[in-house]
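Worksheet: one structure, shown below.
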Amino acid sequence: MKTHKVKIGNLPIGGGAPVAVQTMWKDPLTRNLQPVIDQLSRLKQVGCAFVRFAVPNEDAANLLIELSQKSPLPLVADIHYDYRLALQCIHGGIDKIRINPGNIGARWKVEEVIRAAADTLVPIRVGVNSGSLPKELRQEPDISRAMVTAAEREMDAFQQLNYESIVFSLKASDINTTVHANELFAEKYPYPLHLGVTEAGPLIPGVVKSSVAMVKLLEKGIGDTLRVSLSDTPVNEVITGQEILGAAGMGINRPAIISCPRCGRATFDTHSFVEKLAPVLYGLEKNITVAIMGCVVNGPGEARHADLGITGAGKEIILFKNGEILRKVKEAEAFEAFVEELEKL
Ligand code: SF4
């Protein structure tokens, strides 16, 4: 569904722009910013478009402003309760603000934030979360509708001030509630939507829940940015987000990986090969398919269909490129040979 376009730094969101994957920084910022900058570069490499940071106080706002001047990615300030922190971040040049107007307090405070954002064209994300709905909406039988009602209440201040550079998110920890709330919102409003299942859980259940919810929405054309909220690393959140886009047919310039689960027939240790190769693959901006297979049952077939494939074949390891056998190598040489061919693609 076509939504309004907003810009986070130079990055377009909505209006038909590719769906952007984001993540959230998991620790408080300290004066030692270099390791954060290094990690932001790694996040960019695996396909992260921008990163959100919690800003609980003035010191955190100052550190984020300093970080934003050296960051390889646009940054978002996540602010609750204190509107002055939002003003500080907007004036300090932060690329986007996320607020929950419901906990900012008096309407004039929200309006001050909106006016400051309008002066500098900083977009604001308004986050509605099923766990922090206003008291009177918590008893509603249909929580998805209650979430849309909460979003509508927040929208009012922006519409009164004619500020359109806004993104909404409607998140629940339950798949159906999240999907339904976003569907209802997208039917009525043209604002870009940030997708997420909130507090989705540890890696495996979190990936499953987020994938099911987001693919359902993305396939209907709903969603302009997404974050997979995991009790795991930001890098894994971004890799999962990219995989979800790939599963929904929206992957851009990222390798698709086919690898065999391995069984008693395997003559090649695909698990350790994939584990070693994954960090290389996730850093590549190439629209290719690679196959890593354990034996001749399915190996040659899958490897031939991939742009680059490798399979165990008895005592040999065979590399395939574009459907043809390229070379045979020993297991100890396989990784180096594969990466060498990968770079040539
Ligand atoms: S390709 Fe071979 S090793 Fe891999 S799962 Fe199939 S039969 Fe087992």
Side-chain angles (χ1 to χ4, degrees), residues 21 45-47 175 200-216 218-219 228 230-233 235-345:
V21 175
Q45 208 181 28
V46 295
I175 295 171
L203 187 64
I204 295 174
V207 167
V208 172
K209 274 163 90 173
S210 301
S211 307
V212 171
M214 290 185 197
V215 169
K216 278 185 185 189
L218 291 167
E219 284 184 341
V228 181
L230 299 174
S231 305
D232 208 277
T233 63
V235 166
N236 277 344
E237 288 193 356
V238 174
I239 290 171
T240 309
Q242 290 293 347
E243 289 293 325
I244 289 173
L245 289 182
M250 296 174 164
I252 306 167
N253 259 356
R254 295 283 154 191
I257 307 168
I258 293 161
S259 64
C260 100
R262 220 170 68 194
C263 69
R265 293 183 195 88
T267 56
F268 175 41
D269 182 1
T270 53
H271 289 194
S272 54
F273 192 86
V274 170
E275 202 178 309
K276 206 166 157 193
L277 190 66
V280 180
L281 287 173
Y282 288 127
L284 278 185
E285 284 196 35
K286 290 183 181 180
N287 198 4
I288 53 170
T289 303
V290 301
I292 298 119
M293 304 299 294
C295 82
V296 290
V297 175
N298 293 319
E302 291 289 355
R304 269 183 216 281
H305 286 131
D307 296 294
L308 188 64
I310 189 164
T311 185
K315 290 189 175 145
E316 294 178 320
I317 310 278
I318 308 175
L319 260 81
F320 292 78
K321 193 171 188 175
N322 302 324
E324 305 289 338
I325 292 181
L326 186 69
R327 55 205 259 209
K328 295 179 181 174
V329 292
K330 294 189 182 125
E331 188 154 1
E333 300 157 0
F335 183 76
E336 209 171 303
F338 197 88
V339 172
E340 193 185 308
E341 295 303 331
L342 198 58
E343 282 164 3
K344 289 188 205 159
L345 278 177

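In each ligand, atom 1 is the first atom listed, and ligand 1 is the first ligand listed. Both backbone and side-chain heavy atoms feed into the values below; hydrogens, waters and symmetry mates do not.
A donor-acceptor pair is defined here as one N or O able to donate and one able to accept, closer than 3.5 Å; such a pair exists between the side chain of K286 and the backbone of L345.
Of the candidates A266, A291, G312, C295, the one placing a heavy atom closest to atom 2 (Fe) of ligand 1 is C295.
Looking only at side-chain heavy atoms (C-beta outward), V290 and D307 stay at 4.5 Å or farther from each other.
With salt bridges taken as basic N to acidic carboxylate O contacts below 4.0 Å, none links R327 and E333.
Contact detail for A247 and V215: the closest heavy-atom pair is CB-CG2, 4.4 Å.
Each of the following atoms of ligand 1 lies closer than 4.0 Å to a heavy atom of C263: 3 (S), 7 (S), 8 (Fe).
Of the protein's non-hydrogen atoms, N298 ND2, 3.5 Å is the one closest to atom 6 (Fe) of ligand 1. Shortest contact from atom 4 (Fe) of ligand 1 to any protein heavy atom: C260 SG, 2.5 Å.
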